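Order of listing sets the numbers, starting from 1, for every ligand and every atom in it. Here the structure is a predicted model, which is why all the values come from computation and not from measurement. Computation of the quantities below employed the complete heavy-atom set of this structure, encompassing side-chain atoms and omitting hydrogens, waters and symmetry-equivalent molecules.
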Amino acid sequence: MRLNLTLAVLSFAALAATAPLPIHSHNDYTRNVPLMDALDNSVTSIEADLWLKDGQLYVAHTEGDINKSITFTSLYVQPILDIIEGRKASPIKLSVENPLQLLIDFKSDGNASYGPILAALEPLRSAGHLTTFKDGVLKQGAVTAIGSGNTPLAKVLAASPRDLFFDAPLATLTSTPPAPGVDWSKELSPLASVDFGSVNGVLGTIYTGIFGTVTSDVHDKIVKQIQEAHAKGVKTRYWDAPNKEKLYIELLHDGSDWLNTDHLTTVRNIVLANS
Ligand SMILES: *[C@@H]1O[C@H](CO)[C@@H](O)[C@H](O)[C@H]1NC(C)=O
Ligand SMILES: *[C@@H]1O[C@H](CO)[C@@H](O)[C@H](O)[C@H]1NC(C)=O
């Protein structure tokens with residue numbers, strides 16, 4: 001009986017491995033095996049913190065953590081290209097149908113990093129794998145690259161063609177346009193994000209700490225933000241939310257598109273049990 005149950009769970013997991021889940025691997029490079037732990041858990045949205053130093057792009061949490069053998073190219077660009085082109089095994093074959101959302105958190109100066117980051121994406125670009133907005137048409141690729149952190153909005157806005165997008169500020173999506181006369185859209189920002197604490201507030205944070213969920217006011221605020229984003233075709237992500245099962249379920253049921261987490265297997269199980 002026990003064995004049968006285990007086998008059933010295993011085969012369910014094996015099946016589910018091919019269907020991407022609405023989960024985002026926050027600071028993915030801190031997982032045991034960057035990129036692959038995410039894909040093993042059916043997670044197709046990942047985030048890397050990038051530092052420009054001496055002309056090289058390193059993946060690290062702080063500048064002091066830089067390890068010269070861990071570059072953006074070695075940790076992400078090359079393995080991603082190898083998976084798409086079938087040279088590297090993966091439980092999810094990344095493709096236009098099953099794309100990877102690659103969130104690039106610009107940690108160093110935005111304007112100085114922009115050119116080098118675009119250049120680092122060139123192997124994916126030249127092979128035609130990047131989602132691209134060109135001549136008014138958004139063409140889905142196997143990889144959608146989105147800049148957050150210090151990403152220079154003006155440069156992303158001016159880019160044509162555009163294949164590095166901008167993580168929009170979810171809380172001010174309807175009040176503050178990206179530029180005069182321009183509106184937020186999926187062609188500029190496939191994703192909009194906000195610090196969960198800023199939505200939940202000080203009392204809300206205490207409430208969530210006790211009950212694991214949010215007050216009805218905060219619930220209404222979240223639903224409104226998600227609806228406003230969806231009306232523009234933009235997907236949503238709340239980051240730095242407490243790691244509470246009820247809160248993941250709340251965000252899932254409220255329609256938030258990406259559950260931000262450092263706990264991939266836990267959240268995978270929550271999503272599978274609650275979708
Ligand atoms: C730097 O990264 C390499 C490759 O992952 C690893 O073998 C090495 O131990 C790391 N060096 C330090 C100082 O952490
Ligand atoms: C990039 O440079 C412009 C012009 O100097 C400046 O207004 C903007 O804030 C800079 N952006 C970032 C993200 O550093």
Checklist entry - Do you see a protein non-hydrogen atom under 4.0 Å from atom 7 (O) of ligand 1? => result no
Next on the checklist: Quick check for you: to the nearest 0.5 Å, what is the distance between Ile270 atom CD1 and Thr261 atom OG1?
Outcome noted: 8.0 Å
Checklist entry - For ligand 2, is there an N or O atom under 3.5 Å from any N or O atom of Thr151? => result no
Next on the checklist: Give me the residue, atom name and distance of the protein heavy atom closest to atom 10 (C) of ligand 1.
Outcome noted: Asn67 ND2, 2.4 Å
Checklist entry - Within the structure, does at least one protein heavy atom fall under 4.0 Å of atom 12 (C) of ligand 2? => result yes
Checklist entry - Which of the atoms of ligand 2 are close to Asn111, meaning less than 4.0 Å from one of its heavy atoms? => result 1 (C), 2 (O), 3 (C), 8 (C), 10 (C), 11 (N), 12 (C), 14 (O)
Checklist entry - Nearest protein heavy-atom contact for atom 5 (O) of ligand 1: which residue, which atom, what distance? => result Ile70 CD1, 4.2 Å
Checklist entry - Looking at atom 4 (C) of ligand 1, what's its closest protein heavy atom, distance included? => result Ser69 OG, 3.6 Å
Checklist entry - Should Leu81 and Leu57 be regarded as members of a common hydrophobic cluster, given that ILVMFWY residues are connected when their side-chain heavy atoms come within less than 4.5 Å of each other, either directly or indirectly? => result yes
Checklist entry - Taking 4.0 angstrom as the limit, do Glu187 and Lys232 come out as a salt bridge? => result no
Next on the checklist: One thing to verify: whether Lys68 and Asp54 come together as a salt bridge, which I'm taking to mean a side-chain N less than 4.0 angstrom from a carboxylate O.
Outcome noted: yes
Checklist entry - Looking just at side-chain N and O atoms, do Asp28 and Ser25 make a donor-acceptor pair shorter than 3.5 Å? => result yes
Next on the checklist: With side-chain hydrogen bond (donor to acceptor under 3.5 Å, both in side chains) as the criterion, how do His24 and Gln101 come out once you've worked through the C-alpha distance, each side chain's angles and the decisive distance to 0.1 Å?
Outcome noted: CA-CA 9 Å; His24 172 77; Gln101 175 165 267; 4.6 Å; no
